[in-house]
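Remarks on the structure that follows.
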Amino acid sequence: MKLATWNINSVRLRLPLLLRFAAEYLPDIICLQETKCPDEFFPATKLRAAGYTHQAIWGQKSYNGVAILSRVPLTDIQTYARCGKQDCRHLSAHLPGGAALHNIYIPAGGYEADPIGNPKFQHKLDFVDELAAWWPQQTAGAKILVGDLNIAPLEHDVWDSKKMQNVVSHTPIEREKFLAMQNSIDWIDSAREFTPHDQKLYSWWSYRATDWDAANKGRRLDHIWVTPDLKSSLRGAHTPRDLRAWPQPSDHVPVILQIQD
DNA sequence: ATGGTCGATATTCGA
């Protein structure tokens, strides 16, 4: 089974790219973030025609929005309002076999890495704290966490870790809280099971770069974690960089995990 | 050191 996560930055604008991605990479399940689309306008019919007959969608006007598109049945679909807000950022479903799939869009956190002067940064830290406390309270059983987590935790998840110390997404407090959430139930960072920690690995390149490809100042913001009971089923993970060069791209590319059924 | 670009929506906000 191929499982993909992708911050698509408008599902309506990028529907042609989504269909091309589905046709070329054949993912069985696609988890989207930043769909920016109220549910009544979601292109459900066209995606059903492409084989994604099982869908869980949770969108809102203009911002946020998450969705799970699947070729296999989804059950027990749930949404979660976090940090006292109504943001559409966390959606889950159970897969055949029983694993719980959580699709999460962590707040980006604004520009200034100061929780007092910048409420968006505080919201981001609170969101991670809330999740870290929440996972141990859930029933045992196989779990998969995917999404745009908006944090690049490791030294080689960014182009220059020292220069990124004060840049939101790679600050010490974010990295610390991120690892605390990861350790809350022994989550496994699946992409790093297949790419050594001393090799650069990115899933996002800013729109603002003059030449994103040549500069290659990327960050690994998008993640797929699994619980230890799934570790022996992992078969490969990759981040198809070529999508960043497709016409009218998202600033994120998908992360794909292959799991033995 | 600065500003650079997107998308949705409305002429600004969030990324």
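Just so it is clear: chains get the letters A, B, ... in the order the sequence lines come, proteins before strands, and each one is counted from 1.
Atom-to-atom, CG of A:N150 to C1' of B:dA15 comes out at 8 Å; the value is rounded to the nearest Å. Atom CD of A:Q33 is separated from atom P of B:dG7 by 17 Å (rounded to the nearest Å). To the nearest angstrom, P of B:dT5 lies 19 Å from CD of A:E34. Between the CD1 atom of A:I8 and the C1' atom of B:dA8 there is a distance of 15 Å, given to the nearest Å. A:H123 has its NE2 atom 9 Å from the P atom of B:dA15, to the nearest Å. Taking atom NE2 of residue A:H252 and atom P of nucleotide B:dC6, one finds them 14 Å apart after rounding to whole Å.
Side-chain N/O atoms of A:K36 and A:N9 include a donor and acceptor closer than 3.5 Å. Side-chain contact, A:S161 with A:H170: a donor N or O sits under 3.5 Å from an acceptor N or O. Counted by atom type alone, A:Q33 and A:T5 present one or more donor-acceptor pairs between their side chains at under 3.5 Å. Looking only at atom types and distance, the side chain of A:Q122 has no donor-acceptor partner in the side chain of A:N118 under 3.5 Å away.
Look at the C1' atom in both B:dA10 and B:dG14: the space between them is 14 Å, to the nearest Å. Separating the C1' atom of B:dT12 from that of B:dA1 is a span of 26 Å, rounded to the nearest Å. Nucleotides B:dG3 and B:dT9 place their C1' atoms 24 Å apart, quoted to the nearest Å.
Residues that satisfy the side chain to side chain contact (heavy atoms under 4.5 Å, CB included) test with A:D129, not counting sequence neighbours, are A:K177.
Both tests hold for A:R71 against A:Y52: distance to the six-membered ring centre under 6.0 Å, angle to the ring axis within 45°. At least one test fails for A:R219 against the ring of A:W159: distance under 6.0 Å to the centre or angle within 45° of the axis.
Side-chain N/O atoms of A:R14 include one lying less than 4.0 angstrom from OP1 or OP2 on B:dG7.
Within the nucleic acid shown, A:Q248 comes within 4.0 Å of sugar-phosphate atoms alone, with no base atom in reach, counting heavy atoms only.
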Between the protein and nucleotides 10-14 of chain B, which nitrogen or oxygen pairs are less than 3.5 angstrom apart?
residue: B:dG14; atom: OP2; partner: A:K120; partner atom: NZ; Å: 3.4

